[in-house]
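For reference, positions follow the sequence shown, starting with 1.
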Amino acid sequence: MKNISTLSLQKSLSKVFPSKIVLGIEILFLLFLGIFAITLHAKLRIPLHIPGKHGLIFMFLLIAGFSLTQIRYAALIACSGASALLFTNLLGFADPFIAVTYLIMGFSMDFLLNRFHFLQAKFWFVALVCGISYAIIPVSRIFIHLLTGFPYSSLLSGYIFPIFSHFLFGSLGGLLGFLTLQATKKK
């Protein structure tokens, strides 16, 4: 997937700017992408009462960021931006463990995409990785709830539905991001 996007742009930029400056710009872009994604999550309080619905937008943005840069751990960097903002508690999330959860999600996404890099051009693989990575949110909440007793309203109806809905929305977001990038590549 890294090959599909901006290689010619990066070659042009690297002629004008030294590679360390381009790398710094890419890192800042990813950090702000994560901040933007989590801010959207906080501000778009859509009362659907379906856990994981924000995975559609979040994974869409993460796949876009992953594809627009050559940085190996792009999702982790973007999730670090989101986590840095979450640690400040400016967005009003009640979960004190949410920042760590997003870091784990970004790491798992990068690990799977980089480990199986030969499958990055397959839409089904990207959707699967995004679904698994976003489903880490309810799985981590289950472990946190069992270890600490911290109450999560999304787990009141059981464990299966939140895992499934996070997986579904994460997969759809990753798939839409992948297909959007493929469509823009062809143009």
4.5 Å side-chain heavy-atom contact, K122 and V126: no
Approximate separation, where rounding is to 0.5 Å, of C79 SG and D110 CG: 8.0 Å
Nearest heavy-atom neighbours spanning G34 and A82: O-CB, 3.4 Å
Any side-chain heavy-atom pair of L61 and L40 under 4.5 Å: yes
Residue that, paired with H41, satisfies ring pair (Phe, Tyr, Trp, His ring centres under 6.0 Å) out of F36, Y134, F93: F93
Heavy-atom check, side chain of L76 versus side chain of L30, under 4.5 Å: no
Shortest non-hydrogen separation from T184 to L181 and the atoms involved: OG1-O, 2.9 Å
side-chain contact (heavy atoms from CB on, under 4.5 Å) between E26 and L68, worked out: CA-CA 9 Å; E26 286 181 354; L68 293 174; over 6 Å; no
Contact check, side chains of I63 and C130, non-hydrogen atoms, under 4.5 Å: yes
Check: M105 and M59 side chains under 4.5 Å, non-hydrogen atoms: yes
Spacing of I77 atom CD1 and F29 atom CZ [to the nearest 0.5 Å]: 11.5 Å
Results of side-chain hydrogen bond (donor to acceptor under 3.5 Å, both in side chains) for T101 - residues two or more places apart only: S140
Cluster check I137, F111: I/L/V/M/F/W/Y, side chain < 4.5 angstrom: yes
Side-chain hydrophobic cluster, 4.5 Å single linkage: members besides Y159: F97, V139, I142, F143, I144, L146, F150, Y152, L155, I163
Atom CD1 of I160 with >12 non-hydrogen neighbours under 6.0 angstrom: no
Polar side-chain atom of H166 near backbone of P162 as donor-acceptor pair, under 3.5 Å: yes
Joint cluster assignment, L128 & F123, ILVMFWY side-chain distance < 4.5 Å: yes
Verify same cluster id: V100, L90 (apolar side-chain graph, 4.5 Å): no
Transitive ILVMFWY side-chain link L91 to F87, under 4.5 Å: no
M109 side chain near V129 side chain, heavy-atom distance below 4.5 Å: yes
Single-linkage hydrophobic cluster L113~F116, side-chain heavy atoms < 4.5 angstrom: yes
Which atom pairs, donor and acceptor, lie under 3.5 Å between side-chain atoms of residues 168-178 and protein residues at least two apart or in another chain?
| from | atom 1 | to | atom 2 | distance (Å) |
| --- | --- | --- | --- | --- |
| S171 | OG | A127 | O | 3.0 |
| S171 | OG | F167 | O | 2.9 |

Separation between OG1 of T39 and CZ of F32, rounded to the nearest 0.5 Å: 10.5 Å
Reported CZ-to-CD1 distance for the pair F107 and I136, which is rounded to 0.5 angstrom: 10.0 Å
Which atom of R141 lies closest to which atom of S154, heavy atoms considered: NH1-OG, 3.5 Å
Heavy-atom side-chain contact between L86 and Y102 under 4.5 Å: yes
Rounded distance [0.5 Å steps], CG in L112 versus CD in Q120: 11.0 Å
Nearest-0.5 Å distance that lies between atom CD1 in I132 and atom OG in S108: 8.5 Å
Audit row: L44, I57, side-chain contact (heavy atoms from CB on, under 4.5 Å) steps and yes/no: CA-CA 10 Å; L44 292 178; I57 297 170; 3.8 Å; yes
Shortest non-hydrogen separation from L33 to G65 and the atoms involved: CD2-CA, 3.6 Å
Within 6.0 angstrom of F161 CZ, more than 12 heavy atoms from elsewhere: yes
F125 atom CZ: more than 12 heavy-atom contacts under 6.0 Å: yes
